[in-house]
Amino acid sequence: MRVIGGKFRSRVLQSPRGLATRPTSDRLRETLFNILALRIEGARFVDLYAGSGAVGIEALSRGAQFCWFAEKAPAAVTAIRTNVAALRLQGGYAIEDRSTGRLLHGMVKNLHVADIVFLDPPYEAAEDYSTTLSFLAQNQATLLAEGAVVIAEHSRKKPLSESYGNLVRTRVLEQGDAALSFYSLSSLSSS
């Protein structure tokens, strides 16, 4: 696994051993960041269920202002810490090693606003998708910047809902067994 583009391009990243973590493939990450290219510079990025941190590190490499990583698996947290240390990142990131929910609640409490949120829970954890996307929708006023995008990586065979509250899916990109669902806040107001 390596960084695809930006200032850390071609740098090799560590990933946790075993099958408990399923890294986002280099090809899918490249496709994702080609789509996000115009949004990355200066963005506040959130990498939920971060695994090795490859997606968030890619965002930082391409000019994101800050990245919050959330990962609770000890081996994966070690991989994130190893990767940011190897890249000599002195700041511009935070790691929450207890849970995604804890990170999101902390962001709401501290008024940290995100421009881009990426989530990639284990494919079989259907409730994590629903819980996380619903929380983002319910707390969008204090958590998501105007024009924010939320991207969920999931199994192509297990599509996600069209909407979670006022987070509405705007695009689905399929690549191999994986899919990316893109969500934005609905501009429709209820009357």
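These values consider heavy atoms only, across backbone and side chains, with no hydrogens, waters or symmetry-generated copies.
Across L167 and L133, no two heavy atoms sit closer than the pair CD1-O, 3.6 Å. Counting all heavy atoms, side chain and backbone alike, A137 lies closest to N166 at O-OD1, 3.5 Å. Of all the heavy atoms in Q14 and A79, the pair that sits closest is O-CB, 3.9 Å. The two residues E71 and A50 make their nearest non-hydrogen contact at OE1-N, 3.3 Å. Here the closest heavy-atom approach between residue I80 and residue G53 is recorded as CG1-N, 3.7 Å. The two residues V46 and A114 make their nearest non-hydrogen contact at CG2-CB, 3.6 Å.
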If you apply the rule side-chain contact (heavy atoms from CB on, under 4.5 Å), what do you find for L136 with Y164, and how did you get there? CA-CA 9 Å; L136 290 167; Y164 295 88; over 6 Å; no
Hey, mind stepping through V77 and F69 against side-chain contact (heavy atoms from CB on, under 4.5 Å) and telling me if it holds? CA-CA 9 Å; V77 172; F69 297 93; over 6 Å; no
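For the pair V117/L144, a side-chain contact is recorded, criterion being any heavy-atom separation below 4.5 Å from C-beta on. Two residues are said to be in side-chain contact when any heavy atoms from C-beta on lie closer than 4.5 Å; E30 and D26 fail this criterion.
If you look at F66 and Y93, their ring centroids are not closer than 6.0 Å.
Under the side chain to side chain contact (heavy atoms under 4.5 Å, CB included) criterion, D177 pairs with no residue at all, not counting sequence neighbours. With sequence neighbours excluded, the residues forming a side chain to side chain donor-acceptor pair (under 3.5 Å) with Q175 are T31, listed by chain and number. Listed by chain and number, the residues in a side chain to side chain contact (heavy atoms under 4.5 Å, CB included) with A75 are P16 (sequence neighbours excluded). For V168, the side chain to side chain contact (heavy atoms under 4.5 Å, CB included) partners two or more places apart in sequence, or in a different chain, are S163, S186. The side chain to side chain contact (heavy atoms under 4.5 Å, CB included) test applied to T131 returns no partner, not counting sequence neighbours.
Distance OG/S161 to CZ/R169: 7.5 Å, rounded to 0.5 Å. Taking CZ from R2 and CD1 from I57, the interatomic distance works out to 14.5 Å, rounded to the nearest 0.5 Å. For the atom pair CG (L60) and CG (L87), the distance works out to 9.0 Å, reported to the nearest 0.5 Å. Atoms OH and CZ, from Y123 and R156 in turn, are 10.5 Å apart once rounded to the nearest 0.5 Å. Put simply, CZ on R171 and OG on S184 are 11.5 Å apart, with the number rounded to the nearest 0.5 Å. D97 contributes atom CG, which lies 11.5 Å from atom NZ of K72 (distance to the nearest 0.5 angstrom).
Note on residues 36-48: pairs passing side-chain hydrogen bond (donor to acceptor under 3.5 Å, both in side chains), not counting sequence neighbours, are R44-D115. For residues 136-155, no residue pair satisfies the ring-ring contact (aromatic ring centres under 6.0 Å, His included) rule, not counting sequence neighbours. Sorted by first and then second residue, the pairs that involve residues 132-147 and meet side-chain hydrogen bond (donor to acceptor under 3.5 Å, both in side chains), not counting sequence neighbours, are Y49-T132. The side-chain hydrogen bond (donor to acceptor under 3.5 Å, both in side chains) pairs that include a residue from residues 56-68 are R29-E58, E58-R62, where partners are two or more places apart or lie in different chains.
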Without placing hydrogens or testing angles, list every side-chain donor-acceptor pair under 3.5 Å for residues 102-109, not counting sequence neighbours.
none

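Hydrophobic cluster of L38: no remaining members, since no ILVMFWY side chain lies below 4.5 Å from it. Connectivity analysis of hydrophobic side chains (ILVMFWY, heavy atoms under 4.5 Å, direct or indirect) links F33 to L28, L32, I35, L36, I40, F45, V55, I116, F118, V149, I151, L173, L180, F182.
No continuous path of hydrophobic side-chain contacts links Y129 to V172 [ILVMFWY only; heavy atoms under 4.5 Å].
With hydrogens and angles ignored, the 3.5 Å screen pairs a side-chain donor or acceptor of R11 with a backbone N or O of A86.
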